[in-house]
Novice: 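The structure that follows is given in the form of structure tokens.
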Protein chains: 2
Amino acid sequence: MPTIKDVASRAGVSVGTVSNVLSGSVTVTDDLRTRVEEAIAELDYRPNLIARSLKKRQTNTLGMIISDIVNPFFPEMVRGAEDAAAAAGYILTTFNTDDRVERERQVFELLRSRRVDGLLLVVALVRGDLSHVRQAVEEGLPIVCLDRRPEGLDLDSVTVDNAGGVRQCIEHLIERGHRRIAVITGGQGKYITQVRLDGYLEAMAAAGIPLDPNLIRDGNFRRESGFAIAKELLTSPNPPTAIFSCNHIMNLGVVQAVEELGLESPRDITLATFDRLKLTDVFRPHMTSVEQPSYEIGAQGTRLLIERIKNPAEGAPRVHIQLPTQLRIAESSSGRLSAAGN
Amino acid sequence: MPTIKDVASRAGVSVGTVSNVLSGSVTVTDDLRTRVEEAIAELDYRPNLIARSLKKRQTNTLGMIISDIVNPFFPEMVRGAEDAAAAAGYILTTFNTDDRVERERQVFELLRSRRVDGLLLVVALVRGDLSHVRQAVEEGLPIVCLDRRPEGLDLDSVTVDNAGGVRQCIEHLIERGHRRIAVITGGQGKYITQVRLDGYLEAMAAAGIPLDPNLIRDGNFRRESGFAIAKELLTSPNPPTAIFSCNHIMNLGVVQAVEELGLESPRDITLATFDRLKLTDVFRPHMTSVEQPSYEIGAQGTRLLIERIKNPAEGAPRVHIQLPTQLRIAESSSGRLSAAGN
DNA sequence: TTGTATGCGTTATCAG
DNA sequence: CTGATAACGCATACAA
């Protein structure tokens with residue numbers, strides 16, 4: 001593979017001159033410029049970006065750490081990040097942690113050894129041992145948190161108005177006449193569980209509906225837990241008239257439970273969920289859902305990160321962008337509750 | 001950020017010695033070794049992989065070019081690739097082309113400048129101007145094609161038995177009594193269209209069913225085309241009794257059309273599609289589908305690529321791995337056709 | 001076994 | 001405006 005030296009000798013100039021025409025920052029005589037350009041074309045020369053990175057101390061590479069690309073929430077986010085990165089001349093290298101901190105820690109090591117210019121981070125853990133991210137920040141690695149905000153660590157972030165989204169959806173259910181609204185959360189100590197449950201609690205409180213502890217159930221964001229909990233709820237003596245799932249995966253379990261029990265939504269039970277799954281839009285029941293702007297999370301986070309990289313304003317206050325969700329009302333919550341119940 | 005020099009001076013040894021304990025290839029006295037290790041720990045030293053890459057002429061980085069991570073077919077493939085890459089000490093940088101050749105060409109340039117060790121490629125175009133990939137191959141870049149095989153260019157590949165999968169599914173429909181089976185393909189000149197249509201033709205021929213050109217419709221792999229074509233088919237004077245879509249996205253359009261016409265599957269129309277969407281499994285109608293091992297495509301392709309990188313057997317014949325699909329029979333094709341029609 | 005020196009391909013500094 | 005040269009951080013051949 002030809003080097004800048006080969007180009008220089010072929011064009012009969014020095015490497016400095018070649019470098020100058022490449023960068024375009026220094027003016028070069030037309031004569032020499034064309035000779036260099038010809039040599040580049042003839043040799044099919046491609047600058048070695050590794051060498052350039054070493055010299056310039058910047059890799060034009062962004063690391064991105066997510067839970068799992070197979071979770072349909074992430075592809076759009078990654079795509080948004082990649083598009084924004086590409087537009088600014090950066091590339092993205094993505095890593096899945098499955099929300100395992102040890103893996104996240106490994107990836108941190110790797111990315112820092114590879115000298116990425118910045119990091120887009122969906123933290124595995126929102127509290128607990130965050131020493132690796134704390135250390136990285138202290139050593140000057142620009143980080144933007146996506147989707148979740150770690151506690152006790154002030155970082156730039158782009159998140160979604162989770163509480164507001166849930167609140168709006170629960171309000172919609174209440175307005176439809178529901179009072180016995182069950183919520184399935186995603187496990188104690190998780191950021192998403194906490195903020196989405198907040199929305200539920202706010203809406204219920206605002207409507208003056210007393211809380212029934214039996215209707216606030218803690219799942220684990222997995223399908224099986226949605227299934228099991230929904231089955232329990234629906235076969236209990238005093239079942240809810242509506243079920244809200246805190247993510248779409250658990251909602252799949254809920255839908256499955258409803259079908260297995262021979263029930264139908266919205267006829268027998270009203271359903272709603274966080275996360276819109278565009279793919280399932282055409283299938284029945286059409287789900288009422290809280291849609292989040294995944295692409296925008298990735299894109300805006302990346303733009304913010306690149307801004308931080310280019311403009312390392314040390315003392316600048318952190319930025320916390322919070323994007324709105326959108327309530328999409330559909331069939332699964334279209335029934336109006338009569339006085340007698342569902 | 002500390003360098004190998006800092007470690008050396010702190011441990012009171014030479015950089016060569018530090019390098020030796022790092023690589024572990026040369027035996028170092030226990031005394032020196034521990035001193036070096038201590039210095040590394042104290043300084044929180046991380047080897048600069050950029051510098052190492054420059055010296056060793058290998059980046060331990062794999063490029064991956066796909067159509068669009070938002071298409072649910074790809075996340076699993078990417079995940080398979082990433083897991084396999086990580087297991088071998090490589091990282092992956094992924095790019096979306098939306099099947100645009102110009103973008104593919106740009107990405108090729110970029111990846112070659114970045115000196116990736118190898119490339120996982122879902123080609124945008126299967127015929128036409130493939131000069132960029134041909135040139136890359138000639139210059140020694142190891143490439144493994146995933147999902148599609150470009151024509152007139154012999155490259156290692158990992159694909160799926162598309163024709164076999166479709167054939168099996170059509171045979172299933174025939175066995176259920178269908179003879180008027182429509183197929184919606186994805187546009188002329190595309191690899192996937194061609195190989196999947198082949199499966200349809202084989203199955204029909206084997207069953208001795210004459211082809212009805214009205215039932216072989218060319219879409220474009222997008223939802224709208226599935227919708228429009230299904231609507232046409234279903235409202236035609238002599239409609240099919242079954243519709244097979246060549247990918248899941250068009251099938252979404254088909255499902256939508258069925259619903260809009262007030263029909264129901266399988267009661268009024270039998271449906272089947274390539275690609276299983278696990279997410280939609282719980283929704284109605286449960287779709288009969290041809291499932292492909294996406295994760296395995298990525299994982300096996302990556303292992304093959306790494307094998308090629310480590311073992312650049314120049315003259316070795318290309319390997320073409322073809323993975324089997326799996327037919328998943330579900331509700332949408334569960335009706336048995338009576339003599340009178342659906 | 002350990003240290004020294006050279007080069008990987010660029011960029012940047014500084015004379016000319 | 002152009003050319004020579006010194007880093008960038010590491011690995012490796014070679015010498016000690």
Side-chain angles (χ1 to χ4, degrees), chain A residues 1-37 39-40 43-61 89 109-117 139-140, chain B residues 1-37 39-40 43-61 89 109-117 139-140:
Chain A
M1 198 143 264
T3 76
I4 198 172
K5 260 186 194 164
D6 300 323
V7 175
S9 68
R10 175 152 197 138
V13 299
S14 75
V15 293
T17 301
V18 178
S19 181
N20 285 339
V21 344
L22 247 36
S23 73
S25 56
V26 179
T27 43
V28 176
T29 326
D30 277 355
D31 172 40
L32 290 194
R33 168 183 305 281
T34 55
R35 267 160 57 196
V36 167
E37 282 165 350
I40 288 177
L43 292 172
D44 191 35
Y45 164 76
R46 265 179 268 276
N48 183 328
L49 261 31
I50 301 297
R52 182 177 292 173
S53 288
L54 179 60
K55 179 65 190 177
K56 298 188 70 166
R57 299 158 158 287
Q58 71 180 40
T59 53
N60 282 285
T61 301
E109 279 302 305
L110 190 58
L111 290 178
R112 307 200 54 200
S113 271
R114 289 201 175 242
R115 301 295 190 268
V116 294
D117 293 336
E139 294 178 12
Chain B
M1 196 143 264
T3 74
I4 199 172
K5 259 185 192 164
D6 302 321
V7 175
S9 68
R10 174 152 199 137
V13 300
S14 75
V15 294
T17 302
V18 178
S19 180
N20 284 339
V21 345
L22 248 35
S23 72
S25 57
V26 178
T27 44
V28 176
T29 325
D30 277 354
D31 172 40
L32 290 193
R33 168 183 305 279
T34 54
R35 268 161 55 197
V36 168
E37 283 165 350
I40 288 177
L43 293 171
D44 189 36
Y45 165 74
R46 267 177 267 277
N48 183 326
L49 262 30
I50 301 296
R52 184 177 289 173
S53 287
L54 180 59
K55 178 65 189 176
K56 299 188 71 168
R57 298 156 159 287
Q58 70 180 41
T59 53
N60 282 285
T61 301
E109 279 301 305
L110 190 58
L111 290 178
R112 307 200 56 201
S113 270
R114 290 203 174 240
R115 302 296 192 266
V116 295
D117 293 337
E139 293 178 13

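Throughout, a chain's letter reflects where its sequence line sits, starting with A, and its residues are numbered from 1.
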Novice: Tell me: CG of A/Leu32 to P of D/dG3, nearest whole Å?
Specialist: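 A/Leu32 atom CG is separated from D/dG3 atom P by 6 Å.
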Novice: Is the shortest side-chain N/O distance from B/Ser14 to OP1 or OP2 of C/dT4 below 4.0 Å?
Specialist: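 So the side-chain polar atoms of B/Ser14 never come under 4.0 Å of the phosphate oxygens OP1 or OP2 of C/dT4.
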Novice: Could you tell me the separation between the CG atom of B/Leu43 and the OG1 atom of B/Thr3, rounded to the nearest 0.5 Å?
Specialist: 9.0 Å
Novice: What's the closest nucleotide to the side chain of B/Ile4 if the choices are D/dC10, C/dT4, C/dA12?
Specialist: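 From the listed options, D/dC10 comes nearest.
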Novice: State whether A/Thr17 places a side-chain N or O below 4.0 Å from either non-bridging phosphate oxygen (OP1 or OP2) of D/dG3.
Specialist: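 Answer yes for this pair, as a side-chain N or O of A/Thr17 is under 4.0 Å from OP1 or OP2.
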Novice: Rounding to an integer number of Å, can you tell me how far A/Leu49 CG sits from C/dT10 P?
Specialist: 9 Å
Novice: Within this structure, what is the NZ-to-C1' distance between A/Lys5 and D/dA4, rounded to whole angstrom?
Specialist: 12 Å
Novice: What's A/Ile50 touching, base or sugar-phosphate or nothing? Going by heavy atoms closer than 4.0 Å.
Specialist: nothing
Novice: Taking atom C1' of D/dA4 as reference, at what distance in whole Å does atom CG of A/Asn20 sit?
Specialist: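 Nearest whole value for this atom pair: 13 Å.
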Novice: Remember a base hit wins even if backbone is also touched, and classify B/Lys55 as base, sugar-phosphate or nothing at under 4.0 Å, heavy atoms.
Specialist: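 If one applies the 4.0 Å heavy-atom cut-off, B/Lys55 turns out to touch a base.
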Novice: Return the value, rounded to whole Å, for the distance between atom CG of B/Asn60 and atom C1' of D/dC10.
Specialist: 14 Å
Novice: Could you tell me whether A/Arg46 contacts a base, only the sugar-phosphate backbone, or nothing, with contacts defined as non-hydrogen atoms closer than 4.0 Å?
Specialist: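 Answer is sugar-phosphate: A/Arg46 comes under 4.0 Å of backbone atoms only.
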Novice: Measuring from the side chain of A/Val15 (C-beta onward, heavy atoms only), which nucleotide among D/dT12, D/dT5, C/dT10 has the closest atom?
Specialist: D/dT5
Novice: Where the side chain of B/Thr61 meets the backbone of B/Thr59, is there a donor-acceptor pair that is under 3.5 Å apart?
Specialist: yes
Novice: Taking for each residue the nucleotide of DNA chain C with the nearest heavy atom, is it B/Lys56 or B/Gly16 whose nucleotide lies nearer the 5' end?
Specialist: B/Gly16
Novice: Might you point out which heavy atoms bring B/Val15 and B/Ile4 nearest each other, and give the distance in Å?
Specialist: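 Minimum heavy-atom contact is O-CD1, 3.9 Å.
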Novice: To the side chain of B/Val13, which of C/dG3, C/dT10, C/dT4 is closest?
Specialist: C/dG3
Novice: Atom CG of B/Leu22 to atom P of D/dG9: distance rounded to whole Å?
Specialist: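 Rounded to whole Å, this separation is 15 Å.
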Novice: Closest to the A/Ala51 side chain: D/dT12, D/dT5, C/dT10?
Specialist: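 Closest nucleotide among those given: C/dT10.
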Novice: So, taking the atom named CZ in B/Arg46 and the one named CZ in A/Arg114, what distance separates them when rounded to the nearest 0.5 Å?
Specialist: 14.5 Å
Novice: Taking B/Arg57 for the side chain and B/Leu54 for the main chain, is one N or O donor matched with an acceptor at less than 3.5 Å?
Specialist: no
Novice: Does A/Arg57 have a side-chain nitrogen or oxygen under 4.0 Å from the phosphate oxygens OP1 or OP2 of D/dG9?
Specialist: yes
Novice: Does A/Ser19 put a side-chain nitrogen or oxygen below 4.0 Å from OP1 or OP2 of C/dT11?
Specialist: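 Yes.
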Novice: For the pair made of CZ in A/Arg114 and P in D/dG9, what is the distance, rounded to whole Å?
Specialist: 18 Å
Novice: Rounded to the nearest Å, what distance is computed from the CG atom of residue A/Leu54 to the P atom of nucleotide C/dC8?
Specialist: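 In whole Å, C/dC8 P lies 14 Å from A/Leu54 CG.
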